[in-house]
Undergrad: 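Here it is, the structure in full.
Worth saying up front: this structure is predicted, and the values here are computed from it rather than measured. Just so you know, these numbers use all the heavy atoms, side chains as well, and skip hydrogens, waters and symmetry mates. As the structure lists them, so they are numbered: ligands from 1, and atoms in each ligand from 1.
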Amino acid sequence: MIVMKFGGTSVGNAARIEGVASLIISRLKEKPVVVVSAVTKVTDLLVQAGQEALHGESYQKTVEKIKTLHQEILSSLKIEIPEAESFYGKLLDTCAEIAQKKELSARSEDLIVSFGERFSCRILAEVIRKKGTPAKAFDAWDVGFVTTDDFTQAKLLPAAEKEVKRKITGLDVVPVITGFIGKTSIGEITTLGRGGSDLSASLIGAAIDAKAIEIWTDVPGIMTADPRLIPTARSLPSVTFQEAAELSVFGAKVLHPKTIEPAMKKNIPVLVKNTFEPTHPGTVILAEAKEASGIKAVTVKKKITSINIYSTGMLEAPGFLSRVFGILQNHGMSVDVVATSEVNISLTLDNTENLEAARKELALFSEISVQTDRAIVCLVGEELKFTPGIAGRVFGLLGKAGINIEMISQGASQINLTFVVGSADAKKAVEILHAEFFERGRKSM
Ligand code: ADP
Ligand code: ASP
Ligand code: MG
């Protein structure tokens, strides 16, 4: 069996959905298990509807937009979804309840956004069926995808894996499963976090011991940089699990940051392929590098906040760091980059919802300063372990360009070189590094 996951743009209109259905049918011998995201823009619109309901604005118009978007697809494909009316009804009722209570819980947010994938999987399954191949749409929970109740950030329960395997391997049709969503053991709808369909695909792939997990998207694999930022970025034939994990954590949106872990545990290759150019080899992600390893990519992650915690003499005191991390953890804040000195610890955070509360607790035993509007820039590649002088080259170039570097960290894995800059400098930093490491040829390594 193979897992084939299709992202939102891959199923963005009727013609694309037809193309995806044919692609799946061309792989029947490999027993494809399909995972699909919501039609492009639909999740954003669902989030918007929830926000509008919360703020007493007209969410009905947004729901109408979602309806039109799906309706156009359904009519050009000449198909229908029997559940459509009940889905819209439930969506409108949920929004009305939010508007009335003036409260949007994470639980209701997950319920609202779940409709995107529930529509798209039914559309795709119907198109495959219309082409003469037996296929069936499944909400993830119908194939045993039971999660924790961490709404908006749920995790698959380890005990669910066996059930997922049992349910999927017993099927004699092509399953088309919702990405992104699941249900708790008491039947409440959850999501794995934005972009989570990649993670659904990899969790399902690991559960069924798939031969490969294919992530079909709108670019030809993992590239040396985000092609939207750097038009000259090129696609990488292969990267290691470690490299892919670092790339996605530090901003390469092409994979959800948690996608790699389940695949790596079972040593299942992950392929990143372009739906619009299926013959392009894309990128294969494996345990070991297939070719001479170089520096693979430069990534950027924006909207970052950094905090500096200053505590004279305390840093070496037993328990200081664990106290700091304990407070951040209790407030649900995850840390990306850490740098310490004798008297300082600097951290970056990408979620600052509870920053004020955490700040108060930290201020009980240290001085805190906060800087918003930062960006993390990261160079990734196994080669960084073995090549001396790269840091000198990087910071020399950026210094020459007048870019101020605020924190530097070489991850414990030693395959990334990460630093923080002001958001306004991020694009320039990425352009300079891309030109230096990827546009002057490998000889410059
Ligand atoms: P999907 O809807 O298929 O899940 P996403 O939009 O989530 O697709 O991810 C694909 C996008 O990731 C690309 O269009 C590209 O702009 C962005 N991206 C960011 N960094 C990279 C990178 N290093 N390589 C490839 N794509 C990248
Ligand atoms: N539809 C969800 C989102 O837009 C999940 C995904 O596309 O992976 O975040
Ligand atoms: Mg995605």
Side-chain angles (χ1 to χ4, degrees), residues 4-12 16 20 35-48 66 69 109-110 112-121 140 152-154 177-182 190-204 214-237 239 243-259 270-277 280 282-283 285 295-302 376-381 416 426-427 430 433-434 437-438:
M4 299 177 85
K5 177 259 169 180
F6 295 91
T9 41
S10 301
V11 291
R16 288 177 179 184
V20 163
V35 174
V36 69
S37 295
V39 170
T40 187
K41 297 201 186 86
V42 167
T43 310
D44 287 343
L45 288 168
L46 289 163
V47 170
Q48 187 185 323
I66 297 169
L69 226 152
E109 207 176 315
D110 278 356
I112 290 181
V113 295
S114 73
F115 288 106
E117 274 68 11
R118 289 155 88 184
F119 271 107
S120 62
C121 80
T152 75
Q153 285 299 325
I177 307 168
T178 53
F180 183 48
I181 62 178
T190 54
T191 70
L192 308 183
R194 290 303 305 267
S197 298
D198 300 332
L199 177 56
S200 302
S202 125
L203 287 165
I204 290 172
E214 301 183 353
I215 307 290
W216 289 84
T217 184
D218 59 358
V219 284
I222 298 181
M223 307 181 75
T224 50
D226 184 345
R228 288 184 211 192
L229 200 65
I230 306 287
T232 50
R234 54 185 159 76
S235 143
L236 295 158
V239 302
E243 288 170 335
E246 303 273 350
L247 279 162
S248 54
V249 166
F250 288 111
K253 189 189 166 221
V254 63
L255 286 179
H256 181 281
K258 293 187 192 140
T259 310
V270 178
L271 275 103
V272 182
K273 300 263 297 174
N274 188 352
T275 310
F276 311 121
E277 201 189 343
H280 190 292
T283 303
I285 309 170
I295 290 183
K296 294 294 171 63
V298 53
T299 63
V300 61
K301 195 169 169 184
K302 289 193 170 170
I376 298 174
V377 178
C378 181
L379 263 186
V380 178
N416 73 55
K427 184 162 189 275
V430 174
L433 297 185
H434 196 270
F437 290 100
F438 306 107

Undergrad: Should R16 and V11 count as side-chain neighbours, where that means a heavy-atom distance under 4.5 Å?
TA: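 Side chain of R16 against side chain of V11, heavy atoms only: no contact under 4.5 Å found.
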Undergrad: With side-chain contact (heavy atoms from CB on, under 4.5 Å) as the criterion, how do I295 and F438 come out once you've worked through the C-alpha distance, each side chain's angles and the decisive distance to 0.1 Å?
TA: CA-CA 8 Å; I295 290 183; F438 306 107; 3.9 Å; yes
Undergrad: For L236, does its backbone N or O pair with a side-chain atom of T283 as donor and acceptor, under 3.5 Å?
TA: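 Between the backbone of L236 and the side chain of T283 there is a qualifying donor-acceptor contact (under 3.5 Å).
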Undergrad: Given side chains that start at C-beta, do those of R194 and D44 come closer than 4.5 Å, heavy atoms only?
TA: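 R194 vs D44: side chains touch.
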Undergrad: What does the N/O contact table under 3.5 Å look like for ligand 1?
TA:
from     : atom 1 : to   : atom 2 : distance (Å)
ligand 1 : 2 (O)  : G8   : N      : 3.3
ligand 1 : 3 (O)  : T217 : OG1    : 2.7
ligand 1 : 4 (O)  : K5   : NZ     : 3.1
ligand 1 : 6 (O)  : K253 : NZ     : 2.9
ligand 1 : 8 (O)  : T217 : OG1    : 3.2
ligand 1 : 12 (O) : V254 : N      : 3.4
ligand 1 : 14 (O) : D218 : OD1    : 2.9
ligand 1 : 14 (O) : D218 : OD2    : 3.4
ligand 1 : 14 (O) : R228 : NH2    : 2.8
ligand 1 : 16 (O) : D226 : OD1    : 2.8
ligand 1 : 16 (O) : R228 : NE     : 2.9
ligand 1 : 23 (N) : M223 : O      : 3.1
ligand 1 : 24 (N) : M223 : N      : 2.9

Undergrad: Could you tell me whether K5 and D198 make a salt bridge, using a distance below 4.0 angstrom between a side-chain N and a carboxylate O?
TA: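 So K5 pairs with D198 through a salt bridge.
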Undergrad: Quick check: closest heavy atoms across V249 and K301, and the distance to 0.1 Å?
TA: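 Smallest heavy-atom distance, with atoms named: O-NZ, 3.2 Å.
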Undergrad: Among S200, S120, S197, find the one that has a side-chain hydrogen bond (donor to acceptor under 3.5 Å, both in side chains) with S37.
TA: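 Looking at S200, S120, S197, the match for S37 under the side-chain hydrogen bond (donor to acceptor under 3.5 Å, both in side chains) is S197.
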Undergrad: With hydrogens left out, which residues have an atom under 4.0 Å from ligand 2, given that only heavy atoms count?
TA: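 Under the 4.0 Å cut-off, ligand 2 touches S37, A38, T43, E117, F180, R194, G195, G196, S197.
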Undergrad: Using a strict threshold of under 4.0 Å (side-chain N to carboxylate O), is an ion pair present between K273 and D218?
TA: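 Here D218 does not pair with K273 in a salt bridge, since their nearest N and O are not under 4.0 Å apart.
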Undergrad: Report the C-alpha distance between D110 and T191 in whole Å, list the side-chain angles of each, state the deciding distance to 0.1 Å, and finish with yes or no for side chain to side chain donor-acceptor pair (under 3.5 Å).
TA: CA-CA 6 Å; D110 278 356; T191 70; 2.9 Å; yes
